[in-house]
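A, B, ... follow the sequence lines: proteins, then strands. Residue 1 opens every chain.
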2 protein chains.
Amino acid sequence: MHAYEESPFTRKLAAFVALSKDELSVLERLHQRRRSFRVGIDLVHQGQSEQTAYILSQGWVCSYKIQRDGTRQIVDFQIPGDFLGLRSVLLRTSDHSFEPITDIQAAEVSAADLLEAFAQTPRLATAILWAASRDEAMVVEHLVGLGRRPADARMAHFLLELGARLLLVGIADKSGYACPLTQYHLADALGLSAVHVNRVLRHLREDGLVTFRNGHVTFDDYDRLIDFAEFDPAYLDQAGPVLL
Amino acid sequence: MHAYEESPFTRKLAAFVALSKDELSVLERLHQRRRSFRVGIDLVHQGQSEQTAYILSQGWVCSYKIQRDGTRQIVDFQIPGDFLGLRSVLLRTSDHSFEPITDIQAAEVSAADLLEAFAQTPRLATAILWAASRDEAMVVEHLVGLGRRPADARMAHFLLELGARLLLVGIADKSGYACPLTQYHLADALGLSAVHVNRVLRHLREDGLVTFRNGHVTFDDYDRLIDFAEFDPAYLDQAGPVLL
DNA sequence: CGTCGTTTTGACGGCAGTCAACGCGGGTGG
DNA sequence: CCACCCGCGTTGACTGCCGTCAAAACGACG
């Protein structure tokens, strides 16, 4: 145990940058305003110009865009330790919505808080920007999946990526993880229909690669799954940021 | 005519933020190291850890990722006035490649140059970060298209977006624009096969919506095309950034 | 026990990929 | 100057992945 409470966010940053005591205490202070939200009720709604961001400490969230015809595309999932709406604080645009997938706990961070923290410890600023850049790399990888991977490999890749992310904040192990997503979430994220998601999951399960059931993902044959998905985690555990 | 040479980059930023003389001259200085590149020869290659970025002043570039099986996905196109590899300067990761689609001219910008410019004029920093955020919004919109739009609407949307971008830097008008892309580029960007791109283009042309031919895009019925593509330019011409 | 959300499965159809062939224009070398 | 080649565009036939529609099973919850 540490003297300070370790949030998933701190844990994630610490995995890539050695943080000093000062920096840790600034991080602490960012976590002051704790808030809770209920599953299903959007935090930020598309088009809204919100000046607040959140650091997610518990639960899952997804960010998505709705189209005129009612279909939706999930852009990314946020898990404990992830920043939420960082861009929309710094630049006042929130072009998508955030929906809690479970009840969540998050620390509210205003633009002012953030800029103050940045001013105090530039290295922390770099670390946070690095995390943002990692998120962007994930969006790009997601895009590649939608454009160029067949449904089954796309699903496999997605489940592996999620596992790697959860591992980093300590809520997964190599054998699998708890996952609150419904098959509709998977469908909206992977650009498939819910029916086809089900077929794909069955296929992966029957092939002994991975099992998604009862809110739990189990890797039945990790190596073969990685091979099947052509999963290359290079874009995730990149070396830490240049420390200016 | 202005006293200074107006680069497309300057022009783009100026469309959203009123720039002072000082800021304009700092921008000028960023354009000092002019370089040329030949079509087809990658500027930066996937995995390479490059510390240089470029401001594109002439020609077109695409950024893409190649997969193990040889298929490629184009993530974005860069046109004059766009930044290229901004993230990879600030954080030393270039997770994709850049290929010139035409011969190009670009100004080389080192991390040091950029940081110096930022220190001199913080408003400029904000403006550039805003431009980066706009690029990211485009990637997200691209992702939505791949996940949730049928091929023809995806194509229509893409051609409209490109038109809007080109309009901003003054190399398009409402009726159309010159476009050096091949149908293979379109295929790799839109997640389609080249054959199907051809079919879709024919369909759009025969429906009197838009014509892509001989390196030129012509909007045959702009309003109907916008409706067909469900194109909502909100994510493009957002209000300028918060000026810190 | 009924309802609702989620998962599961089957039948059918369509959008888009693959394969294959051909036209066309520009560049290159004989 | 012509023959050839190569990249790009175009079209048709066939196939298959995946969406839609429909119905049923299952569990949680009131």
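Using modelled atom types and a 3.5 Å distance limit, the side chains of A/His196 and A/Arg199 yield a donor-acceptor pair. Between the side chains of A/Glu136 and A/Tyr235, no donor N or O sits under 3.5 Å from an acceptor N or O. A/Asp220 and A/Thr211 form a side-chain donor-acceptor contact under 3.5 Å, judged by distance and modelled atom types alone.
In the set C/dT6, D/dC8, C/dT9, C/dT6 carries the atom at the smallest distance from any side-chain atom of A/Tyr184.
Regarding contacts with the backbone of C/dG5, every side-chain N or O of A/Gln183 stays at 4.0 angstrom or more from both OP1 and OP2. Contact annotation: B/Asn198 reaches the phosphate of D/dT10 (side-chain N/O to OP1 or OP2, under 4.0 Å). Side-chain nitrogen and oxygen atoms of A/Arg202 include at least one within less than 4.0 Å of the OP1 or OP2 phosphate oxygen of C/dT9.
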Hey, mind stepping through A/Phe9 and A/Phe83 against ring pair (Phe, Tyr, Trp, His ring centres under 6.0 Å) and telling me if it holds? CA-CA 8 Å; A/Phe9 185 57; A/Phe83 228 109; 5.6 Å; yes
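Two residues are said to be in side-chain contact when any heavy atoms from C-beta on lie closer than 4.5 Å; B/Leu168 and B/Lys12 meet this criterion.
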Footprint string (nucleotides 16-21 of chain D, 5' to 3'): B base within contact, S backbone only, - free, heavy atoms under 4.0 Å: --BBBB
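Taking the six-membered ring for Trp, B/Tyr64 and B/Phe98 have ring centres at least 6.0 Å apart.
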Pairs under 3.5 angstrom, nitrogen or oxygen only, protein versus nucleotides 28-30 of chain D, please.
none

